[in-house]
K.L.:
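What follows is a structure written as structure tokens; I'll ask about it next.
Computed from a prediction, not measured in an experiment: that's the story for all the values here. As a basis for the values below, the full set of heavy atoms in this structure was taken, side chains included, without hydrogen atoms, waters or symmetry mates.
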Amino acid sequence: MATAAAEKLAKPETADLAALAMRLGDDALVLGQRYSEWVGHAPALELEMAVSNLALDLIGEAQLWLDLAARLEGRGRDADKLAYLRDVLDFTNLLIVEQPNHDWAYTVLRHYLYSVYHRLLVEGLARAPEPAFAEIAAKVLPEVRYHVKFAHSWVLRLGDGTEESHRRLQAALDRLWRFTGEMFVDDELTTRLEAAGFAPLASGLKAAWEEEVGATFKEAGVTPPQPKQMITGGRIGHHGEHLGHLLAELQFLQRAYPGLEW
């Protein structure tokens, strides 16, 4: 029965697989760059080392997904070219990962909101029928689970800390919540991949995400706002001004000295 059911599934198009790998790579690359901005500015030596490791984890993950995307698209590009030589409108990352760091509360809350979603998605991809996706997902999953644990501990620490830390955490939640809806928007790509039994629908992750983050917010004593409308567009290249500034710094060397190698 299982074999017969599998035979009925449409095989994903290679272009769709490349687009999914690109999205995953862009999310990790942009958030990794955001975390690297804390290096030299973290509030404590312990956190200096922690944010460095988080940034390296994400940039390493980005390389794996972008390498896969480059192989699948077959246009002679590699992970470096995809990271350093694409224009801002070609990036398909979620808007939440490109938001500026602001303060520490904003940074760790953003990381928590994204990392719970990230873990749910990667857990689904670890069971994907395409070995290349399943292998990368299985490889990065332990790191992603640690990211959730790290960010969760800080959300609780700030929420249950001083009056000032609690105020900053609630202020961060008030600003970031409007970007969370984009994580669960289904589009033609995710619908086709779900129909092929390849990846879960984005909307299919929402209930588990809401249950987990809701429990954390209750424990931290903060409450999400009720925005009239969620902000979306990152998946189709509609970004805010912040991503352009981030890419200008990230891509400077390759833009100024094409082909440069360490």
K.L.:
Would you call L169 and V155 a side-chain contact if the rule is heavy atoms closer than 4.5 Å?
P.N.:
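Yes; the side chains approach each other to less than 4.5 Å.
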K.L.:
Could you state the interatomic distance from CG (L54) to CE (M49), rounded to the nearest 0.5 Å?
P.N.:
12.0 Å
K.L.:
Donor-acceptor check, side chain of Q251 to backbone of R86, threshold 3.5 angstrom: yes or no?
P.N.:
yes
K.L.:
Just by distance, do the side chain of S165 and the backbone of L158 share a donor-acceptor pair under 3.5 Å?
P.N.:
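Side chain of S165 to backbone of L158, a donor-acceptor pair under 3.5 Å: yes, one is there.
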K.L.:
Can we say E135 and K139 salt-bridge, meaning some charged N sits less than 4.0 Å from an Asp/Glu carboxylate O?
P.N.:
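Judged by the 4.0 Å cut-off on N to carboxylate O distance, E135 and K139 do not form a salt bridge.
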K.L.:
Between R119 and E212, does any NZ, NE, NH1 or NH2 come within less than 4.0 Å of an OD or OE carboxylate oxygen?
P.N.:
yes
K.L.:
Does the pair W154 and W104 meet the rule for a side chain to side chain contact (heavy atoms under 4.5 Å, CB included), with working shown?
P.N.:
CA-CA 9 Å; W154 270 100; W104 183 247; 3.3 Å; yes
K.L.:
Between E73 and A70, what is the shortest heavy-atom contact and its length?
P.N.:
CG-O, 3.3 Å
K.L.:
Give me the atom names and distance for the closest heavy-atom approach of W65 to A137.
P.N.:
CH2-N, 4.2 Å
K.L.:
Is there a path from L250 to L31 through hydrophobic residues (I, L, V, M, F, W, Y) whose side chains come within less than 4.5 Å of each other?
P.N.:
yes
K.L.:
How close do H166 and V222 get, heavy atom to heavy atom, and via which atoms?
P.N.:
CE1-CG1, 3.9 Å
K.L.:
Are side-chain heavy atoms of H245 and E241 found at a separation under 4.5 Å?
P.N.:
yes
K.L.:
Over all heavy atoms of both residues, which pair between L176 and R110 is shortest? Give the atoms and the distance, please.
P.N.:
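Smallest interatomic distance, heavy atoms only, reads CD1-N, 3.6 Å.
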K.L.:
Within the 3.5 Å criterion, strictly below it, is a donor on H147 or H111 matched to an acceptor on the partner's side chain?
P.N.:
yes
K.L.:
I'd like to know if D67 and K81 make a salt bridge, using a cut-off of under 4.0 Å between side-chain N and carboxylate O.
P.N.:
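The answer is no: the pair does not qualify as a salt bridge.
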K.L.:
So which heavy atom on E123 is nearest to which on R145, and how close?
P.N.:
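For E123 versus R145, the nearest heavy atoms are OE2-NH2, 3.4 Å.
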K.L.:
Establish whether L47 and W38 are linked, either directly or via other cluster members, by ILVMFWY side-chain heavy-atom contacts under 4.5 Å.
P.N.:
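Yes; tracing contacts between hydrophobic side chains, which count when under 4.5 Å, links both residues.
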K.L.:
Hey, what do you get for CG (D57) to OG (S52), rounding to the nearest 0.5 Å?
P.N.:
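Rounded to the nearest 0.5 Å, the CG-OG separation comes out at 11.0 Å.
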K.L.:
What I'd like to find out is whether the side chain of T180 reaches to under 4.5 Å of the side chain of Y114, using heavy atoms alone.
P.N.:
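Sidechains of Y114 and T180: no contact.
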K.L.:
Would you check if the side chain of E48 reaches a backbone N or O of G40 as a donor-acceptor pair within less than 3.5 Å?
P.N.:
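Present.
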K.L.:
To the nearest 0.5 Å, what is the distance between CD (E211) and OG1 (T216)?
P.N.:
10.5 Å
K.L.:
Any chance you could measure D16, atom CG, to L20, atom CG, to the nearest 0.5 Å?
P.N.:
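The CG atom of D16 sits 9.0 Å away from the CG atom of L20.
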K.L.:
For the backbone of T190 and the side chain of D187, can you confirm whether one donor and one acceptor N or O come within less than 3.5 Å of each other?
P.N.:
yes
K.L.:
Check for a donor-acceptor pair, side chain of S36 on one end and backbone N or O of Q33 on the other, with a separation under 3.5 Å.
P.N.:
yes
K.L.:
To the nearest 0.5 Å, tell me how far T232 OG1 sits from M183 CE.
P.N.:
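With rounding to 0.5 Å, OG1 (T232) is 13.0 Å from CE (M183).
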K.L.:
Can you name the nearest heavy-atom pair linking A79 to Q63, along with the distance?
P.N.:
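Answer, listing the atom of A79 first, then Q63: CB-O, 3.9 Å.
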K.L.:
Would one find more than 12 heavy atoms of other residues, nucleotides or ligands at under 6.0 Å from atom CZ of R255?
P.N.:
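More than 12 within 6.0 Å, yes.
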K.L.:
Is the closest basic N to carboxylate O distance between R235 and D26 below 4.0 Å?
P.N.:
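No.
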K.L.:
F184 and L205: side chain to side chain contact (heavy atoms under 4.5 Å, CB included), yes or no, with the steps?
P.N.:
CA-CA 7 Å; F184 310 109; L205 305 176; 4.1 Å; yes
K.L.:
Donor-acceptor pair, distance only, cut-off 3.5 Å: does the side chain of Q254 make one with the backbone of L85?
P.N.:
no
K.L.:
Side chain to side chain contact (heavy atoms under 4.5 Å, CB included) between T92 and I236: does it pass, once the steps are laid out?
P.N.:
CA-CA 6 Å; T92 56; I236 55 173; over 6 Å; no
K.L.:
Do V97 and V185 sit in the same hydrophobic cluster, where Ile, Leu, Val, Met, Phe, Trp and Tyr count as joined when their side-chain heavy atoms come under 4.5 Å apart?
P.N.:
no
K.L.:
If we ignore angles and hydrogens, is there a donor and acceptor under 3.5 Å between the side chains of E98 and N93?
P.N.:
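Present: a donor and an acceptor within the cut-off.
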K.L.:
Ignoring hydrogens and geometry, is there a side-chain-to-backbone donor-acceptor pair from D186 to A202 under 3.5 Å?
P.N.:
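Confirmed, D186 side chain pairs with A202 backbone.
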K.L.:
I'd like to know if I231 and Y117 are part of one continuous hydrophobic network [Ile/Leu/Val/Met/Phe/Trp/Tyr, side-chain heavy atoms within less than 4.5 Å].
P.N.:
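Same cluster: Y117 reaches I231 through Ile, Leu, Val, Met, Phe, Trp or Tyr contacts under 4.5 Å.
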K.L.:
Do the side-chain N and O atoms of E219 and H152 include a donor-acceptor pair separated by under 3.5 angstrom?
P.N.:
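Note: E219 and H152 side chains miss the donor-acceptor criterion.
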K.L.:
Apply side chain to side chain contact (heavy atoms under 4.5 Å, CB included) to residues V122 and I136 and explain how you reach the verdict.
P.N.:
CA-CA 9 Å; V122 170; I136 294 176; over 6 Å; no
K.L.:
State, yes or no, whether a side-chain contact exists between M230 and E182 at a heavy-atom distance under 4.5 Å.
P.N.:
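M230 does not reach E182 side chain to side chain.
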K.L.:
Return yes if some donor-acceptor pair links the side-chain N/O of D103 with the main-chain N/O of Y106 below 3.5 Å, else return no.
P.N.:
yes
K.L.:
Test your reading of the model: is there a side-chain donor-acceptor pair from H239 to the backbone of F91, 3.5 Å cut-off?
P.N.:
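At least one qualifying donor-acceptor pair exists.
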K.L.:
Count the heavy atoms of every other residue, nucleotide or ligand shown that sit under 6.0 Å from CD of Q229, and state whether that count exceeds 12.
P.N.:
no
K.L.:
If you group Ile, Leu, Val, Met, Phe, Trp and Tyr by side-chain heavy-atom gaps below 4.5 Å, do L95 and W209 land in one group?
P.N.:
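L95 and W209: one cluster.
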K.L.:
To the nearest 0.5 angstrom, please state how far the CG atom of D27 sits from the CE atom of M22.
P.N.:
12.5 Å
K.L.:
Would you say L193 and L17 make side-chain contact, with heavy atoms under 4.5 Å?
P.N.:
yes
K.L.:
More than 12 non-hydrogen atoms from neighbouring residues, nucleotides or ligands closer than 6.0 Å to OH on Y84, yes or no?
P.N.:
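Check fails, neighbour count at 12 or below.
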K.L.:
Taking the six-membered ring for Trp, is the centroid-to-centroid distance between F198 and F133 below 6.0 Å?
P.N.:
yes
K.L.:
Considering residues, nucleotides and ligands other than E210, do more than 12 of their heavy atoms fall under 6.0 Å from its CD?
P.N.:
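Counting neighbours around CD of E210, more than 12 heavy atoms of other residues, nucleotides or ligands fall under 6.0 Å, so yes.
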K.L.:
Can you check whether A19's main-chain N or O pairs, donor with acceptor, with R23's side chain at less than 3.5 Å?
P.N.:
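Checking the backbone N and O of A19 against the side chain of R23, no donor-acceptor pair under 3.5 Å is found.
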K.L.:
Can you name the one residue among L24, D78, L82 that meets side chain to side chain contact (heavy atoms under 4.5 Å, CB included) with L66?
P.N.:
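Per the side chain to side chain contact (heavy atoms under 4.5 Å, CB included) rule, the option paired with L66 is L82, out of L24, D78, L82.
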K.L.:
Determine whether F179 and L113 make a side-chain contact, defined as any pair of heavy atoms from C-beta on separated by less than 4.5 Å.
P.N.:
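Answer no - side chains too far apart.
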K.L.:
Would a 4.5 Å heavy-atom cut-off, applied to side chains only, mark F217 and T223 as touching?
P.N.:
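No, side chains not in contact.
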